[in-house]
Amino acid sequence: MKQSSTLLSRLLVILTVCLLFPVIGSGQTIQNIFFTTPCDSFAIATLPTQDARIRNDIHVLDSTMNAAIVRQAGDKESTAYYHFNFYVDCQGRFVASVLETYEGTMGLATRVLKLLNTLIVWSPALQNETPVNSMVKINVQVRKGRISIQP
């Protein structure tokens, strides 16, 4: 019984992620970032006093990522490190993401970034208690096919 409920929950996660992929664009190595929400301050230039934060539980996010990622043969053979920049507006909404640097396969980086774009829930950065636009660096490590997020 427990195995069938686990399988059902994994299928629901995969279905949800697959439905969201066409809506969310993937990260690019070069792209202009445009914040549509006006804010009094722009934290990328002024450094916020409190960075934007991931509101998801990291362990749950790791588990969801590992259940939903599309695996390929080479994914389990290597260790990979990916460093992403996420741009979050002053209302805590995801704006864009960029792969900054990586050690590993670009294909896996693209698949990881697509999932992160859809799964992460953000809280905005603050500059003296005022929400501001910001950029957040997130590191992702893959060892033997297991993904772990390191905010």
Are the side chain of [X] and the backbone of [Y] linked by a donor-acceptor contact shorter than 3.5 Å?
X: N56; Y: L61; result: no
X: D57; Y: H59; result: yes
X: R146; Y: V142; result: no
X: D89; Y: N133; result: no
X: T130; Y: L126; result: no

Hey, what's the ring geometry for Y102 with Y82, parallel, tilted or perpendicular (30° and 60° as the breaks)?
->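 The arrangement is parallel - the two ring planes meet at less than 30°.
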Report yes or no: do D62 and S148 form a side-chain donor-acceptor pair below 3.5 Å?
->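 No, S148 and D62 have no side-chain donor paired with an acceptor closer than 3.5 Å.
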Could you check whether any side-chain heavy atom of [X] comes within less than 4.5 Å of a side-chain heavy atom of [Y], counting everything from C-beta outward?
X: I120; Y: R55; answer: no
X: I138; Y: I54; answer: yes
X: L116; Y: F84; answer: yes
X: V88; Y: R93; answer: no

In Å and rounded to the nearest 0.5 Å, what is the [atom1] to [atom2] distance from [X] to [Y]?
X: K137; Y: N85; atom1: NZ; atom2: CG; answer: 4.5 Å
X: I149; Y: Q141; atom1: CD1; atom2: CD; answer: 12.0 Å
X: N139; Y: H83; atom1: CG; atom2: NE2; answer: 5.0 Å

For E103, which residues count as a side chain to side chain donor-acceptor pair (under 3.5 Å) partner, sequence neighbours excluded?
-> none
Which residues pass the side chain to side chain donor-acceptor pair (under 3.5 Å) test with Q50, sequence neighbours left out?
-> none
Taking all heavy atoms of [X] and all of [Y], pick out the closest pair and write down the distance.
X: P131; Y: C90; value: CB-O, 3.1 Å
X: A80; Y: G104; value: CB-CA, 3.9 Å
X: L115; Y: T118; value: O-OG1, 2.9 Å
X: V132; Y: Q127; value: CG1-CB, 3.6 Å

Shared hydrophobic cluster, [X] / [Y] (ILVMFWY, side-chain heavy atoms < 4.5 Å):
X: V121; Y: L119; answer: no
X: V136; Y: L99; answer: yes
X: I58; Y: V112; answer: yes

ring-ring contact (aromatic ring centres under 6.0 Å, His included) with W122: which of F86, F94, Y87?
-> F86
Could you check V140 against Q150 for side-chain contact (heavy atoms from CB on, under 4.5 Å), going step by step and ending with a plain yes or no?
-> CA-CA 6 Å; V140 175; Q150 301 158 352; over 6 Å; no
